[in-house]
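Here the structure comes first, spelled out in structure tokens, and everything after it is commentary.
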Amino acid sequence: MKILDVGCGGGLVTERLARLGGTVVGIDPTPEAIDVAQDHLPTHLKDKVQYKNCEVVEVEGTYDLVIASEVLEHVNSPDVFLKQVADRAIPGGSVILTTVNRTIESYLLAIYAAENVLGIVEPGTHNW
């Protein structure tokens, strides 16, 4: 199964998809994230995973499965992004999206805390 992991970050989901048998291309527009993913990639998965520093609009070809996990809240034009993601899936293929819920609890825990309290994400990263 050919899989495209959009917004792969450090490659955690990408690696797990490869371990499950997929041939995975992980893409991310942040060069540092791709560097982390490549450095973290175990040797036994190198023939099943490829990382690219690019945006989804730059990806050529189509995939059996396209996944964008925790990415939608970071894009400026969700409608354009969703079209680009859907265009990368083969006819009859699958698209999986995950995102932070728009509840006060998710805002406080996933966004405010991550950006302003814990400092693990730069302030302004999320568009809620």
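Residue indices begin at 1 and follow the sequence shown.
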[X] side, atom [atom1]; [Y] side, atom [atom2] - distance, nearest 0.5 Å:
| X | Y | atom1 | atom2 | answer |
| --- | --- | --- | --- | --- |
| Ile67 | Leu97 | CD1 | CG | 8.5 Å |
| Lys2 | Thr62 | NZ | OG1 | 5.5 Å |
| Leu72 | Leu82 | CG | CG | 5.0 Å |
| Ser69 | Leu12 | OG | CG | 10.0 Å |
| Asp5 | Ile27 | CG | CD1 | 8.5 Å |

Taking [Y] as the starting point, is it possible to reach [X] by hopping between hydrophobic residues whose side chains are less than 4.5 Å apart?
| X | Y | result |
| --- | --- | --- |
| Leu45 | Leu20 | no |
| Met1 | Leu17 | yes |
| Val13 | Ile96 | yes |
| Val25 | Val85 | yes |

Contact summary for [X] and [Y], nearest pair of heavy atoms:
| X | Y | value |
| --- | --- | --- |
| Cys8 | Ile34 | SG-CD1, 3.9 Å |
| Ser94 | Ala89 | O-CB, 4.3 Å |
| Gly10 | Val36 | CA-CG1, 4.1 Å |
| Ala18 | Val49 | CB-CG2, 3.4 Å |
| Val71 | Gly7 | CG2-CA, 3.9 Å |
| Ala37 | Gly11 | CB-N, 3.9 Å |

Next item on the list: Write out all pairs satisfying side chain to side chain donor-acceptor pair (under 3.5 Å) with one or both partners inside residues 23-52, taking only residues at least two apart or from two chains.
Entry: Glu15-His40, Asp28-Thr30
Check: Is a side-chain donor or acceptor of Thr99 paired with a backbone partner of Glu70 at a separation under 3.5 angstrom?
Finding: no
Notebook entry, point to check: Is a donor on one side and an acceptor on the other found under 3.5 Å between the side chain of Arg88 and the backbone of Tyr63?
Noted result: no
Check: For Leu65 and Leu4, what are the C-alpha separation, side-chain angles and deciding distance, and is it a side-chain contact (heavy atoms from CB on, under 4.5 Å)?
Finding: CA-CA 6 Å; Leu65 170 63; Leu4 178 64; over 6 Å; no
Next item on the list: Could you tell me whether Lys83 and Asp87 make a salt bridge, using a distance below 4.0 angstrom between a side-chain N and a carboxylate O?
Entry: yes
Next item on the list: Taking the side chain as every heavy atom from C-beta outward, state whether Val59 and Cys54 have any atom pair closer than 4.5 Å.
Entry: yes
